[in-house]
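First up is the structure itself, then whatever we jot down about it.
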2 protein chains.
Amino acid sequence: MLDDRKAAILRAVVECHIRTAQPVSSSYVAQLPGLSVSPATVRNEMAVLEQEGFLFQPHSSAGRVPTDKGYRYFVDSLSGPAPLGPEQAELVRMFFNRTHGELERTLAETSSLLSHLTDYAAVVVAPSAPEPGRVRSVQLVALSPRLALAVAVLANGAVERRAVELPNDVAEAQVEMASSLTAAFLVGSSLDRPGQPAPSGDPAVDSLMAAALGSLRLPEPGTGAQAPVYVGGAARMAAAFDAVSTIRTVLGILEQQFVLVSLLKDVLDRGLTVAIGTEHGLVQLAECSVVVAPYEVDGQQAGTVGVLGPTRMHYDQALAAVAVVSKKLSKALSDGEVRRQHSDRGQRSAV
Amino acid sequence: MLDDRKAAILRAVVECHIRTAQPVSSSYVAQLPGLSVSPATVRNEMAVLEQEGFLFQPHSSAGRVPTDKGYRYFVDSLSGPAPLGPEQAELVRMFFNRTHGELERTLAETSSLLSHLTDYAAVVVAPSAPEPGRVRSVQLVALSPRLALAVAVLANGAVERRAVELPNDVAEAQVEMASSLTAAFLVGSSLDRPGQPAPSGDPAVDSLMAAALGSLRLPEPGTGAQAPVYVGGAARMAAAFDAVSTIRTVLGILEQQFVLVSLLKDVLDRGLTVAIGTEHGLVQLAECSVVVAPYEVDGQQAGTVGVLGPTRMHYDQALAAVAVVSKKLSKALSDGEVRRQHSDRGQRSAV
DNA sequence: GTCTGGCAGTCAAGGTTACCGAGTGCCAGC
DNA sequence: GCTGGCACTCGGTAACCTTGACTGCCAGAC
């Protein structure tokens with residue numbers, strides 16, 4: 001598409017502009033080692049690059065700035081993510097060495113880590129709608145005369161918990177009976193095992209079992225609809241822009257979890273790793289780029305990590321950080337160093 | 001401390017500066033209804049107020065701006081929180097009408113609500129270290145040959161879950177035995193019931209029980225140490241400042257949960273509802289004020305809600321919003337419309 | 001044909017100057 | 001003790017110029 005020299009010039013412009021945030025002049029490019037031509041020649045090439053939409057001139061006596069298309073070409077011709085710096089690699093290593101415990105906490109801290117690594121805002125989308133595991137234990141516990149709790153422990157250590165309303169006239173013994181019959185029906189199979197347990201002979205017990213089964217089959221109300229998102233380093237992102245209004249807009253987006261999730265999903269669904277400027281649909285983020293990667297749990301795509309920064313971000317470093325973090329996170333989650341806390345029908349293997 | 005006229009002038013200056021963010025001139029104050037004196041008189045009074053530290057003059061030919069001390073006087077002489085506007089009251093009503101479900105979610109959304117109400121950043125600190133409830137059910141579930149899960153259901157519907165490592169040579173039957181003995185020991189009392197269950201005769205079972213009991217008594221690792229914080233409307237806060245560096249600093253603070261929690265705690269502990277400028281210890285937040293209120297669960301102080309805005313915030317409205325939200329939140333949490341999700345030894349009454 | 005040096009043109013940025021107006025402080029008089 | 005008046009102070013804005021960093025283009029060299 002572009003001959004070698006044009007590509008080299010474009011590349012030089014992008015790299016310089018990422019560093020300095022200033023328009024890049026022909027003389028700067030010409031003076032660069034590796035390209036031994038005069039500024040005038042560079043100017044001619046730049047004029048062509050501008051005509052073809054890779055560069056843009058803020059005003060007639062200014063240097064050139066890359067367009068989104070220019071960044072796209074640059075990113076596509078990147079040889080791959082840069083290796084992480086030594087301190088960064090150390091940071092990642094340390095982080096994942098001491099990563100244990102609760103999933104929510106881990107994800108939140110991962111977003112913070114990723115933000116540290118890149119100096120941009122980082123986003124981590126929690127695993128969504130994982131497939132149910134085998135049931136190891138089911139219990140109905142009466143909490144009050146009117147209310148019971150159905151508690152199921154899954155093979156991966158996740159605990160499902162649902163409230164079940166009791167009819168007025170149910171005796172403790174009936175709850176216990178329903179509990180053991182439901183357990184007999186569910187233990188060893190999956191939570192959404194179809195069908196009903198054999199009738200017990202007591203209609204009250206039967207309806208209680210039906211209620212418990214029904215509520216256990218439904219996803220936790222309020223949580224299933226949307227995967228939670230963890231945003232880290234919003235402040236860092238603010239440092240990348242100087243217009244207050246831009247900061248405000250971007251911050252606003254970062255607070256709208258729903259928008260964020262669909263943004264990342266969108267990008268991934270289109271098979272992209274990097275979305276530059278307006279490539280993702282959000283006009284408000286026209287000055288931003290997004291670098292994303294999915295992470296896996298036990299070999300299955302589970303969630304997304306990503307970095308949100310200015311269009312002139314250090315793509316190679318961001319790519320590297322995102323790649324490493326998603327890989328390490330996949331490993332940590334799959335190895336069971338991190339435990340799902342609740343209500344997730346997690347597909348995770350044993351804790 | 002201040003005679004009526006000085007107080008009125010100070011009040012006028014504060015109110016005007018809150019509205020306009022500009023230095024306030026003597027002529028503006030003089031022309032205000034209720035104070036019928038000439039600008040010159042106002043100037044004289046202002047000079048005194050400045051000497052006494054209530055006002056400040058950015059430069060010799062500018063109007064006056066309130067100091068922190070000026071704001072403090074203003075806030076202290078406030079007749080009380082302003083009533084909420086009708087749309088705001090409606091917003092609150094609607095919000096708490098449909099508030100059900102998970103605690104975490106509710107708190108996060110509450111912070112968003114409070115931020116909407118005030119147009120500043122809002123902070124909600126989750127209830128901390130609630131006292132344990134009665135145990136309704138305990139179970140040991142073997143997940144793998146090496147690992148079991150101790151699951152306890154408390155009277156309030158909370159579910160405690162702990163991993164227990166199994167010695168190599170434990171049989172399924174032994175786990176079951178330990179499970180029922182542990183249940184017999186714990187059900188009906190509290191999780192931290194002292195002592196040990198009666199020896200079963202099988203040392204493997206006994207040690208298993210000891211392990212299960214021990215882990216159930218410990219708080220969930222990683223969560224207990226610090227109450228989670230929910231921050232809403234950071235973007236709104238950014239709108240209140242125009243220096244990018246200030247925005248960045250304040251955003252940075254908002255991301256440091258630990259700092260936030262101790263900030264709010266500090267303010268409350270000193271018996272304050274409002275902390276202005278440097279009254280709280282954080283130099284980075286010198287341009288900010290904080291309005292806080294505790295909320296209760298079942299009559300016991302549980303957590304904190306607060307608003308973080310510029311020193312020139314609308315104190316009356318913020319006070320009103322914080323008061324209403326903390327009250328309504330207390331009610332919602334105490335009525336059991338909101339359910340703790342997990343691992344909290346919650347003191348909440350039955351679901 | 002391609003590259004280069006040179007030259008004229010353009011435009012943003014920065015510095016200077018002048019001016020305006022919003023405010024104050026002070027004082028004399030009511 | 002209050003007020004009107006007056007001189008003074010400064011920040012902000014606009015107009016202006018200069019500077020310098022670019023570009024575009026062209027004619028000549030390779």
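Below, read A as the first sequence line, B as the second, and so on, with proteins coming before strands; counting in each chain starts at 1. What you are looking at is a predicted structure, and each value in this text was computed from that prediction instead of being measured.
Counting only residues at least two apart or on different chains, the ring pair (Phe, Tyr, Trp, His ring centres under 6.0 Å) pairs with a member in residues 61-86 of chain A are Phe54(A)-Tyr73(A), Tyr71(A)-Tyr315(A). For residues 108-123 of chain B, every residue pair satisfying the salt bridge (charged side-chain N to carboxylate O under 4.0 Å, His left out) rule, not counting sequence neighbours, is listed here: Arg98(B)-Glu109(B), Arg105(B)-Glu109(B), Asp119(B)-Arg236(B).
Between chain B and DNA chain C, the heavy-atom contact criterion of under 4.0 Å yields a 5' to 3' nucleotide range of dA22(C) to dC26(C). On the nucleic acid side, DNA chain D has its first and last nucleotide under 4.0 Å of a heavy atom of chain B at dC2(D) to dG11(D), going 5' to 3'.
In terms of modelled atom types and a separation under 3.5 Å, the side chain of Glu45(A) and the main chain of Lys6(A) share no donor-acceptor contact. Counting only distance, with no hydrogens or angles, the side chain of Tyr120(A) and the backbone of His314(A) share a donor-acceptor pair below 3.5 Å. Looking only at distances, a side-chain donor or acceptor of Glu255(A) sits under 3.5 Å from a matching main-chain atom of Ala235(B).
Within 4.0 Å of Ser60(B), counting heavy atoms only, lie sugar-phosphate atoms of the nucleic acid but no base atom. Backbone-only engagement by Ala62(A) is indicated by non-hydrogen atom pairs under 4.0 Å involving sugar-phosphate atoms exclusively.
Mapped onto DNA chain D by nearest heavy atom, Ser27(A) and Ala40(A) fall at different nucleotides, with Ser27(A) at the one closer to the 5' end.
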Practice item. Kindly indicate, with the supporting measurements, whether the criterion side chain to side chain contact (heavy atoms under 4.5 Å, CB included) is fulfilled by Met46(A) and Ser26(A). Key: CA-CA 8 Å; Met46(A) 278 176 156; Ser26(A) 57; 4.1 Å; yes
Practice item. Could you please spell out the steps behind the side chain to side chain contact (heavy atoms under 4.5 Å, CB included) verdict for Leu263(B) and Val123(B)? Key: CA-CA 11 Å; Leu263(B) 168 64; Val123(B) 180; over 6 Å; no
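Listed by residue number, the members of residues 9-25 of chain B with any heavy atom below 4.0 angstrom from DNA chain D form an empty set. Contacts with DNA chain C (heavy atom under 4.0 Å) in residues 45-57 of chain A: none are found.
Note: Leu114(A) CG to Leu91(A) CG = 11.0 Å, rounded to the nearest 0.5 Å. Between the CD atom of Glu15(A) and the CG atom of Asp316(A) there is a distance of 8.0 Å, given to the nearest 0.5 Å.
No hydrogens or angles considered: nothing links the side chains of Ser115(B) and Ser112(B) as a donor-acceptor pair under 3.5 Å.
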